[in-house]
Amino acid sequence: MTMLDIERLRGDFPVLDQVKVNGRDLVYLDNAASSQMPRQVIDRIARYQSLEHANIHRGVHHLSDAATTAYESARSSVRRFINAAEDREVIFTSGTTDAINLVAHGWGRACVGEGDEIILSEVEHHANIVPWQMLCEEKGARIRVIPVDDRGELDLVAYASLFNERTRLVGIAHVSNALGTVNPVREMIATAHAHGVPVLVDGAQAVAHEVVDVQALDCDFYAFSGHKLYGPTGIGILYGRAALLERMRPFKGGGDMILSVSFEKTTYNIIPHKFEAGTPPIMPAVGLGAAVEYLSGLGLAKVAAWEQSLLAYGTERLSAIQGVRIIGTARHKAAVISFNIADVHPHDVGSLLNDEGIAVRTGHHCAQPVMKRYGVPATVRASFAFYNTRAEVDTLAGAVDKIRRLFE
Ligand code: PMP
C-alpha cells in the first residue's frame, strides 16, 4: 500500500495554510467535532449553487432535473461509500442526532412498550442516550447500560448478560467521541442478532476514519454526520435495512413523503422519500456526496494507516510529559487523545493551546456519563484527521509541556 502524500493533500484545504491564529500556523486538532472541507467539496457546492439549483423531485424543468440528479447521485455516492445494498436504504437527515431521533420516533414508538428494554453503552454521546430516554419516559420502558472498563473498553460479558425477552434494541457508538475507543460492533451485532434484537450503530466518529461496510457489519441502522466527514453541516445519513425502514412509521409529515393526501387518509411515499419530508438540504447533500467521493479517492485504508501512526506518536509524546493523564487507553482506538494535565482546568489548557495556534476541544464532549465514569468533569481532546502531521503532534506536545511547567 502506498502512503498518502500528506503535504500535497494539505493543499486541498484552504484553511490549513490561510488561517493564522495569534500569528501562528493553525494546528487543527478538533476534527472529531467538525473536520475541514477540501476545495473539491467547496467547489462542488459552489457549482451546484451557481448552476444547478432548483427544488427537487417535483419539477419538470431543466434545473429541477439537474438538482434532482445531483441530490440522488449524492445518495448513490453514500450508498457505495458504506456499501449499502440499495440507494433506498440511505436516508438524508440533518445529522447523526436527527438520524437517531428518526429511529427513536419512527421505529421506537411503534416497537417499544411498557416494561421493554433498550441496551446502550456507557460511552455513548448524548445523541444516542437522550432520544432513547425520552422514548422510555413516554412508554414506561427502561435503559440498560453496558459498562466500560478503566481502559475504555466495553465489558462484553456484561453486555451478553443484559439480554432478555424484553430487549428491543441495542444502540452503540462505533467509535467513542470522548475516549476514541473503537467498539467491536460486528461482534456485538452478532450477539444482539442471536437474541433477535436489532442494532443501531452511531457511526459519527467512525466513517471518516476506517472502512465502514454496513453489510459486513450486518447492522440494522447506521447513523453519521456530513460535517465530521469533510462535508458540510446540516446533512447526515441514516442507513437502515430496507425491510425495517419499510415497516417504520414516518417521523415528520409534509410534502414529498406522501403518495396521496386527503382529509380522510394519507398514503406514504416509498422509502427513502417516506422519511424526507419537505424540501431537503439539497446543497449540503451534494457537498456530502463530493466529500465521500473525495475520501474514497484517497482510500480509507490509507487514511486509517496514517491516522493510526499519528495516534501512536501522539500517545507516546503526550504520555511522556509529566502530569499528563490520558483518558481512554483501549487497545483499539481511533485517532482521538483525551487528556488532562495534573490539576489544570481543561478550559485553561484549551485557551493556552489556542494561544499557540492549536485548536482542541475541551469539556464533557456531550458524554457526561463517561466523564463521570472516569471521575473527571471534562478533558482536553485532540482529534486527528489524515491531513495532520507529525510536526503538528510535536507542536502540541511542546505546548502541553510548556503549560505543564507554567502550573508546576
Ligand atoms: N454521536 C457521536 C459519537 C458524536 O461524536 C456526535 C458529534 N459530536 C454525535 C453523535 C452528534 O452528531 P451531530 O451533532 O452531527 O448530530
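Whatever order the structure lists ligands and atoms in, that order sets their numbers, starting from 1.
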Side chains of E7 and Y387: do they bring a donor and an acceptor to under 3.5 Å?
no

Between N340 and T379: side-chain donor-acceptor atoms closer than 3.5 Å
no

Non-hydrogen atoms of D202 versus ligand 1: any pair closer than 4.0 Å?
yes

Parallel, tilted or perpendicular: which one describes the rings of H345 and H347, with boundaries at 30° and 60°?
parallel

For T97, the ligand 1 atoms with a heavy-atom partner under 4.0 Å come out as 11 (C), 12 (O), 13 (P), 14 (O), 16 (O)

Does ligand 1 have an atom that lies less than 4.0 angstrom from a heavy atom of H126?
no

At less than 4.0 angstrom from any non-hydrogen atom of S225, what atoms of ligand 1 do you find?
12 (O), 13 (P), 15 (O), 16 (O)

List every atom of ligand 1 that sits less than 4.0 Å from any heavy atom of Q205, numbering the atoms from 1 in the order shown and giving each element.
3 (C), 4 (C), 5 (O)

Give the residue and atom name of whichever protein heavy atom lies nearest to atom 8 (N) of ligand 1, and the separation in Å to one decimal.
K228 NZ, 2.8 Å

Taking T181 for its side chain and S176 for its backbone only, find out whether a donor-acceptor pair lies under 3.5 Å.
no

I'd like the name of whichever of H365, R361, H125 reaches closest to atom 4 (C) of ligand 1 through any heavy atom.
H125

Any luck finding a side-chain donor-acceptor pair between H57 and D256 under 3.5 Å?
yes

When the ring centroid of F13 is compared with that of Y28, is the distance short of 6.0 Å?
no

Output the list of atoms in ligand 1 that are nearer than 4.0 Å to some heavy atom of N177, sorted by atom number.
5 (O)

Strictly distance-based, threshold 3.5 Å: is any side-chain N or O of N101 a donor or acceptor partner for the main-chain N or O of T97?
yes

Any nitrogen or oxygen of H227, main chain or side chain, under 3.5 Å from a nitrogen or oxygen of ligand 1?
yes

R144 side chain to F163 backbone, donor-acceptor under 3.5 Å:
no

Please determine whether any non-hydrogen atom of H174 lies less than 4.0 Å from an atom of ligand 1.
no

Interfacing atoms of ligand 1 (cut-off 4.0 Å, heavy-atom, A127)
10 (C)

